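One structure below.
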Number of protein chains: 2
Amino acid sequence: MNPQAEPLCEEPHSQRRETRKPSVDEAALGRAAELFAALGDPPRLRLLALLAQGPACVSDLAEDEQEGMSTISQRLKVLRAASLVRRRRQGKHVIYALADQHVVDLVFNALAHASEAQVVGKSKE
Amino acid sequence: MNPQAEPLCEEPHSQRRETRKPSVDEAALGRAAELFAALGDPPRLRLLALLAQGPACVSDLAEDEQEGMSTISQRLKVLRAASLVRRRRQGKHVIYALADQHVVDLVFNALAHASEAQVVGKSKE
DNA sequence: TCATCATTTCAATAATCGTTCAACCGATGA
DNA sequence: TCATCGGTTGAACGATTATTGAAATGATGA
């Protein structure tokens with residue numbers, strides 16, 4: 001839909017059609033919001049960016065981020081709850097990786113978009 | 001990059017190449033996180049879903065959402081700070097619309113993805 | 001089995017975020 | 001100019017959310 005169409009405000013309330021759907025699917029909306037919320041924290045997003053370079057265990061991530069394992073583990077828990085990362089055990093280590101290619105693309109796209117979008121404000125695409 | 005590659009944990013620390021980049025662009029990461037965070041709240045995402053049906057003024061949105069204008073305005077402020085919506089004045093009204101087609105797609109994709117992803121847990125795309 | 005290493009969980013504290021109401025602003029029309 | 005309507009802002013409060021260290025778990029090797 002064209003983002004620059006005519007608003008309803010112009011017509012008098014009396015003869016307005018009921019254009020807007022009563023409600024969006026609340027469940028889907030909640031899941032989508034949860035996914036975005038998990039992505040919406042710099043330390044967690046940085047963790048995903050690290051994982052975009054390849055799988056890693058918690059201690060490696062903790063070293064890279066200069067944080068305690070507990071902190072990293074808590075963040076990974078949030079990312080896992082949002083199905084953004086997957087884990088598997090390998091001996092004593094637990095290896096984390098981005099859940100699928102879709103997430104890889106999402107992270108790269110977000111960073112690319114954010115890299116190009118600053119300074120002037122980027123009015124069109 | 002393939003999400004299921006070999007983790008660094010396997011090789012001994014001593015002879016590990018410095019594979020991981022020292023740090024991601026922090027500024028871009030921060031902006032990307034801010035964008036996701038703005039999307040990561042059900043009421044705000046619902047507002048965007050409403051705007052995906054066409055531009056609207058604050059009072060219409062308030063009516064649709066059954067909320068006070070102040071609340072709606074505060075939410076729109078967050079969305080605007082993340083460059084997700086645009087506003088223009090029209091007489092007494094302030095008309096909000098999704099910032100561009102890119103945002104329209106983002107919202108629709110998120111909702112579509114969340115609609116298909118439930119129930120079983122969705123292990124592969 | 002015991003000791004140890006890697007990781008997770010728990011609980012408490014600190015920080016952040018969303019909502020609300022009241023005051024304020026900006027445009028309109030009398 | 002004043003009154004009014006639509007919208008915004010600011011501050012206070014309550015509710016989430018993140019971080020931290022300590023205790024618990026799980027796998028390994030002696």
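Throughout, protein chains are lettered first and strands after them, A, B, ... in sequence-line order, and every chain is numbered starting at 1. Keep in mind that this is a model prediction, so the values were computed, not measured. What you see below is based on every heavy atom in this structure, not just the backbone, and it leaves out hydrogens, waters and symmetry mates.
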Would a 4.5 Å heavy-atom cut-off, applied to side chains only, mark A:Glu65 and A:Leu47 as touching? yes
Rounded to whole angstrom units, what separation is found between the CD1 atom of B:Ile95 and the C1' atom of C:dG26? 15 Å
The criterion is side chain to side chain donor-acceptor pair (under 3.5 Å); which residues satisfy it with B:Asn109, sequence neighbours excluded? none
Name all residues meeting the side chain to side chain donor-acceptor pair (under 3.5 Å) criterion together with B:Arg87; count only those two or more places apart in sequence or in a different chain, and write none if there are none. B:Tyr96
Can you name the residues that form a side chain to side chain donor-acceptor pair (under 3.5 Å) with A:Arg44, not counting sequence neighbours? none
Between D:dG7 and B:Ser59, is there an OP1 or OP2 to side-chain N/O distance shorter than 4.0 Å? yes
Listed pairs, N/O of protein and of nucleotides 28-30 of chain C, under 3.5 Å:
none

Value in whole Å for how far the C1' atom of D:dG7 lies from CD of B:Glu63: 16 Å
Holding to side-chain contact (heavy atoms from CB on, under 4.5 Å), I want the full list of residues that pass it with A:Ala82, two or more places apart in sequence or in another chain. A:Ala38, A:Leu84
Contacts of B:Ser59 meeting side-chain contact (heavy atoms from CB on, under 4.5 Å) (sequence neighbours excluded), chain-then-number -> B:Cys57, B:Met69, B:His93
Under-3.5 Å N/O pairs linking protein and nucleotides 14-17 of chain C:
none

A:Glu34 CD - D:dT16 C1' separation (whole Å): 14 Å
For A:Leu76 and D:dT19, what is the distance between atoms CG and P respectively, to the nearest whole Å? 12 Å
From the options C:dT9, D:dG7, C:dA6, select the nucleotide whose nearest atom is closest to the side chain of B:Val58. D:dG7
Is A:Leu76 close to A:Leu61 at the side-chain level, that is, under 4.5 Å between some pair of heavy atoms? yes
For the pair made of CZ in B:Arg80 and P in D:dT8, what is the distance, rounded to whole Å? 8 Å
Could you write out each protein N or O paired with an N or O of nucleotides 20-24 of chain C at a distance under 3.5 Å?
| residue | atom | partner | partner atom | Å |
| --- | --- | --- | --- | --- |
| C:dT20 | OP2 | B:Thr71 | OG1 | 3.3 |
| C:dT20 | O4 | B:Gln74 | NE2 | 3.0 |
| C:dC21 | N4 | B:Ser70 | OG | 2.7 |

Taking side-chain contact (heavy atoms from CB on, under 4.5 Å) as the definition, give me every residue that meets it alongside A:Ala81, ordered by chain and number, with sequence neighbours left out. none
Does A:Leu106 reach the side chain of A:Leu35, with side-chain heavy atoms less than 4.5 Å apart? yes
Does B:Tyr96 put a side-chain nitrogen or oxygen below 4.0 Å from OP1 or OP2 of D:dG6? no
What nucleotide, of C:dT7, D:dG6, D:dT9, holds the atom closest to the side chain of A:Met69? C:dT7
Students often get this wrong, so: under 4.0 angstrom with heavy atoms, is B:Arg87 touching a base, only sugar-phosphate, or nothing? sugar-phosphate
Using atom CZ of A:Arg89 as one end and atom P of C:dC5 as the other, report the distance to the nearest whole Å. 16 Å
Set of side-chain contact (heavy atoms from CB on, under 4.5 Å) partners for B:Ala110, sequence neighbours left out: A:Ala32, A:Phe36
note: A:Ile72, atom CD1; C:dT8, atom C1'; distance rounded to Å ~ 14 Å
Taking atom CG of B:Leu111 and atom CZ of A:Arg31, what is their separation to the nearest 0.5 Å? 10.0 Å
Which residues pass the side chain to side chain donor-acceptor pair (under 3.5 Å) test with A:Glu67, sequence neighbours left out? A:Arg75
Separation of atom CD in A:Gln66 from atom P in D:dT20, rounded to whole Å: 13 Å
